[in-house]
Amino acid sequence: MEQADRQRYEAWLLAQGVHEVALNVAADRCSTEKAAAFFVDGFTGRDAAVSTPRAEGMEPVFREGRRAKGEKGMAQRCRTAAAALRSQDGYSLEDWLQMAYQTRPVPWRMSFPG
């Protein structure tokens, strides 16, 4: 259980890093807040059916976000951002465990009766 939680934490942390990079890239490339939001949705891999860029006339911006994630060096930027977040308040494994197990104790940290 502990290893599975650690893997889920690492995946969550990487997703947070990807989102941080997406926000930074969108700030550089997009002129409006609406365009930046659709760029971030594309970059982070949000489903187009949920984001609905075509209905908003933002499909080119959404697709540009998808393309930007595949650019050279972007994966390294995302990993670096995730590593930087690890040391910030609210992003530690302990903080994530409290968030993940809000209503129940962390199973592998429970004391066994006996």
Side-chain angles (χ1 to χ4, degrees):
M1 181 70 105
E2 182 177 358
Q3 185 160 354
D5 279 340
R6 190 168 297 282
Q7 288 172 344
R8 286 180 38 222
Y9 165 70
E10 292 297 332
W12 174 80
L13 193 63
L14 183 59
Q16 299 304 311
V18 168
H19 192 263
E20 287 289 318
V21 171
L23 290 173
N24 292 337
V25 174
D28 293 341
R29 298 186 185 184
C30 298
S31 57
T32 66
E33 201 172 300
K34 183 178 179 180
F38 279 101
F39 183 92
V40 169
D41 284 350
F43 192 97
T44 57
R46 189 169 184 199
D47 192 356
V50 175
S51 187
T52 64
R54 186 174 292 163
E56 300 286 331
M58 291 287 175
E59 191 170 14
V61 176
F62 184 84
R63 289 178 186 248
E64 179 59 30
R66 291 265 165 97
R67 275 191 296 276
K69 188 173 182 185
E71 290 176 1
K72 184 177 181 178
M74 204 59 75
Q76 181 60 39
R77 279 182 71 180
C78 293
R79 287 191 299 272
T80 302
L85 287 174
R86 185 185 313 274
S87 63
Q88 291 182 10
D89 232 10
Y91 290 96
S92 70
L93 176 61
E94 293 298 321
D95 295 329
W96 182 83
L97 286 171
Q98 287 179 1
M99 186 175 60
Y101 294 99
Q102 287 179 358
T103 58
R104 58 193 192 281
V106 179
W108 47 268
R109 291 195 173 172
M110 292 174 24
S111 60
F112 294 101

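Worth saying up front: this structure is predicted, and the values here are computed from it rather than measured.
- Nearest heavy-atom pair, Phe38 versus Ser51, reported as atom, atom and distance to 0.1 Å: CE2-O, 3.2 Å.
- Within the model, atoms OG1 of Thr80 and CD of Glu20 stand 13.0 Å from one another, a figure rounded to the nearest 0.5 Å.
- Between atom CD of residue Glu10 and atom CH2 of residue Trp12 there is a gap of 10.5 Å, rounded to the nearest 0.5 Å.
- Minimum heavy-atom separation, Pro53 to Ala48: CD-O, 3.4 Å.
- Within 6.0 Å of atom CZ in Arg54, 12 or fewer heavy atoms from other residues, nucleotides or ligands are found, so the atom counts as exposed in its surroundings.
- By the 6.0 Å contact criterion, CZ on Arg66 is enclosed, its count of non-hydrogen atoms from other residues, nucleotides or ligands being greater than 12.
- Under the 4.5 Å side-chain heavy-atom criterion for grouping Ile, Leu, Val, Met, Phe, Trp and Tyr, Val18 is not connected to Leu85 through any hydrophobic cluster.
- Distance check: Arg67 CZ to Phe39 CZ gives 9.5 Å after rounding to the nearest 0.5 Å.
- When all heavy atoms of Ser87 and Ala84 are compared, the closest pair comes out as OG-O, 3.1 Å.
- No hydrogens or angles considered: nothing links the side chains of Gln3 and Arg6 as a donor-acceptor pair under 3.5 Å.
- In this structure the side chain of Leu13 reaches within 4.5 angstrom of the side chain of Tyr9, judged on heavy atoms.
- Put simply, the side chain of Val25 reaches to within 4.5 Å of the side chain of Met74, judged on heavy atoms.
- Of the charged side-chain nitrogens involved, at least one lies within less than 4.0 Å of a carboxylate oxygen, so that Glu71 and Arg29 count as a salt-bridged pair.
- The line from CZ of Arg79 to CD of Gln76 is 4.5 Å long, rounded to the nearest 0.5 Å.
- From Met58, atom CE reaches atom CG of Asp41 across 11.5 Å, with rounding to the nearest 0.5 Å.
- Taking both residues in full, the closest heavy atoms of Phe43 and Ala68 are given as CE1-C, 3.8 Å, listed atom of the first, atom of the second, then distance.
- When all heavy atoms are compared, the tightest approach of Val40 to Ala26 is CG2-CB, 3.9 Å.
- What you find for Cys30 and Val61 is that their closest heavy atoms are SG-CG1, 4.3 Å.
- For Thr52 and Glu56, the side-chain atoms include no donor-acceptor pair closer than 3.5 Å.
- From Asp89, atom CG reaches atom CG of Asp95 across 6.5 Å, with rounding to the nearest 0.5 Å.
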